[in-house]
Amino acid sequence: MKRAVIQIRKEKLQLLADKAIYWPAQKTLIIADLHLGKAMHFRRAGIAVPGGVEQLNLQRLEDLIARTRPVEVLLLGDLFHSDLNSSWQGFVELRAKHTSMKFTLVTGNHDVLEPEYYIEADIELMPTLDRGPFHFTHHPAEHPSLYNLAGHIHPGIRMVGKAKQTMQLPCFFFGKDAGILPAFGGFTGLYRMKRKEADRVFVTVQGGVLRV
């Protein structure tokens, strides 16, 4: 698994090609914006979406857990896209395979399931979480002293090739006081970021992570 390493406030974070972060010092896997159930939500509305999206997202998460063996999975919001549908059961079954592991959800705007469903899945809910030098949120949020790590934006960056062809790729985006994770879910779209000279940007491409 190809990865890049970034140091923030003396903490090293591993940026993974599957659009996640592994924090070795805390043995924590950090992901944002799975949006499980989104494909089913759109199908209910009569909108055609690619088949197998939900299964692929869950399998990617299962594979990451197997590779990194974290003690905690920290979810930075929008775990499930909307109202309850059958896709939730797939996540409950994945969670049941890892009973010794902690799952923490920093709640996002799409996390609207009734509390009993999170209790059933043994997920701890937090509005925000401060740990080490980091202030974890779903929406990007300033903090007077801690470095903010968030999701929600689904960041992407425009790349230009030698023949002036362009493409937009998901990215990890780190500014001076805050960073944004790419959306983990495979059916989420991208928001093109505007970078400053000091920003550190990493794209996920061809199974690896590349600083651009």
Side-chain angles (χ1 to χ4, degrees), residues 6 8-16 18-38 41 57-58 60-62 64-65 68-85 87-155 172-175 177-185 188:
I6 187 171
I8 298 174
R9 307 280 173 92
K10 299 183 179 181
E11 288 287 339
K12 290 183 179 179
L13 302 177
Q14 297 176 2
L15 312 182
L16 310 181
D18 273 306
K19 298 184 289 186
I21 289 176
Y22 182 66
W23 185 5
Q26 296 286 325
K27 296 183 179 179
T28 297
L29 180 65
I30 308 167
I31 55 182
D33 298 288
L34 272 77
H35 286 278
L36 296 173
K38 186 174 183 178
H41 177 76
N57 286 337
L58 288 170
R60 287 172 53 229
L61 178 56
E62 185 71 75
L64 271 177
I65 290 172
T68 58
R69 298 182 180 180
V71 298
E72 181 177 4
V73 177
L74 177 57
L75 307 155
L76 299 186
D78 289 359
L79 167 61
F80 202 76
H81 182 72
S82 187
D83 297 329
L84 185 69
N85 61 49
S87 299
W88 178 250
Q89 186 58 36
F91 180 78
V92 171
E93 292 171 1
L94 180 151
R95 176 69 182 103
K97 297 177 184 177
H98 305 284
T99 55
S100 64
M101 194 178 299
K102 183 177 182 180
F103 278 62
T104 303
L105 172 61
V106 175
T107 51
N109 51 295
H110 281 280
D111 296 310
V112 297
L113 297 182
E114 293 298 323
E116 57 261 31
Y117 292 105
Y118 301 108
I119 294 171
E120 174 194 9
D122 192 20
I123 301 172
E124 182 176 1
L125 302 183
M126 304 285 287
T128 65
L129 176 65
D130 293 346
R131 184 176 297 168
F134 301 115
H135 177 57
F136 293 104
T137 61
H138 175 61
H139 292 83
E142 293 183 3
H143 191 278
S145 59
L146 302 179
Y147 189 94
N148 179 226
L149 284 176
H152 183 64
I153 301 296
H154 306 180
F172 299 89
F173 197 94
F174 299 98
D177 298 309
I180 305 173
L181 278 70
F184 185 87
T188 52

To the nearest 0.5 angstrom, please state how far the [atom1] atom of [X] sits from the [atom2] atom of [Y].
| X | Y | atom1 | atom2 | answer |
| --- | --- | --- | --- | --- |
| N57 | L94 | CG | CG | 11.5 Å |
| F184 | L36 | CZ | CG | 9.0 Å |
| L113 | L125 | CG | CG | 10.0 Å |
| H139 | I180 | NE2 | CD1 | 11.5 Å |
| T107 | L75 | OG1 | CG | 11.0 Å |
| L129 | L149 | CG | CG | 11.0 Å |

[X] versus [Y]: any side-chain heavy-atom pair under 4.5 Å?
| X | Y | result |
| --- | --- | --- |
| Q26 | E72 | no |
| L16 | T68 | yes |
| N148 | D177 | no |
| S145 | H143 | yes |
| L76 | D33 | no |
| K10 | P133 | no |
| F134 | L74 | no |
| I21 | L15 | yes |

Could you check whether the rings of H152 and H138 sit parallel, tilted or perpendicular, using 30° and 60° as the cut-offs?
perpendicular
For the student: nearest non-hydrogen atoms of [X] and [Y], plus distance:
| X | Y | answer |
| --- | --- | --- |
| V106 | T128 | CG1-CA, 4.0 Å |
| I8 | F174 | CD1-CD2, 3.7 Å |
| P140 | G151 | CD-O, 3.8 Å |

Applying side chain to side chain contact (heavy atoms under 4.5 Å, CB included), run through F172 and I6 and close with a yes or a no.
CA-CA 11 Å; F172 299 89; I6 187 171; over 6 Å; no
Given the ring of F136, does R131 sit roughly above its face, with NZ or CZ under 6.0 Å from the centre of the six-membered ring and within 45° of the axis?
no
D78 (side chain) donor-acceptor with H35 (main chain) under 3.5 angstrom
no
Just wondering, are more than 12 heavy atoms of other shown residues or ligands nearer than 6.0 Å to CZ in R9?
yes
Does E142, at its CD atom, have more than 12 non-hydrogen atoms belonging to other residues, nucleotides or ligands within less than 6.0 Å?
no
Output all residues satisfying salt bridge (charged side-chain N to carboxylate O under 4.0 Å, His left out) with E11, sequence neighbours left out; order by chain, then residue number.
none
Apply salt bridge (charged side-chain N to carboxylate O under 4.0 Å, His left out) to D122 and list each qualifying residue two or more places apart in sequence or on a separate chain.
R95
Test item: side-chain donor near acceptor, D130 and H135, under 3.5 Å
yes
Taking side chain to side chain donor-acceptor pair (under 3.5 Å) as the test, write out the residues that go with E124, two or more places apart.
K102
What do the steps show when you test Y22 against L64 for side chain to side chain contact (heavy atoms under 4.5 Å, CB included), and what is the final call?
CA-CA 10 Å; Y22 182 66; L64 271 177; over 6 Å; no
In sequence, state the C-alpha distance, the side-chain angles, and the governing distance for I31 and D18, and then conclude on side chain to side chain contact (heavy atoms under 4.5 Å, CB included).
CA-CA 9 Å; I31 55 182; D18 273 306; over 6 Å; no
W88 and Y117: side chain to side chain contact (heavy atoms under 4.5 Å, CB included), yes or no, with the steps?
CA-CA 9 Å; W88 178 250; Y117 292 105; 4.0 Å; yes
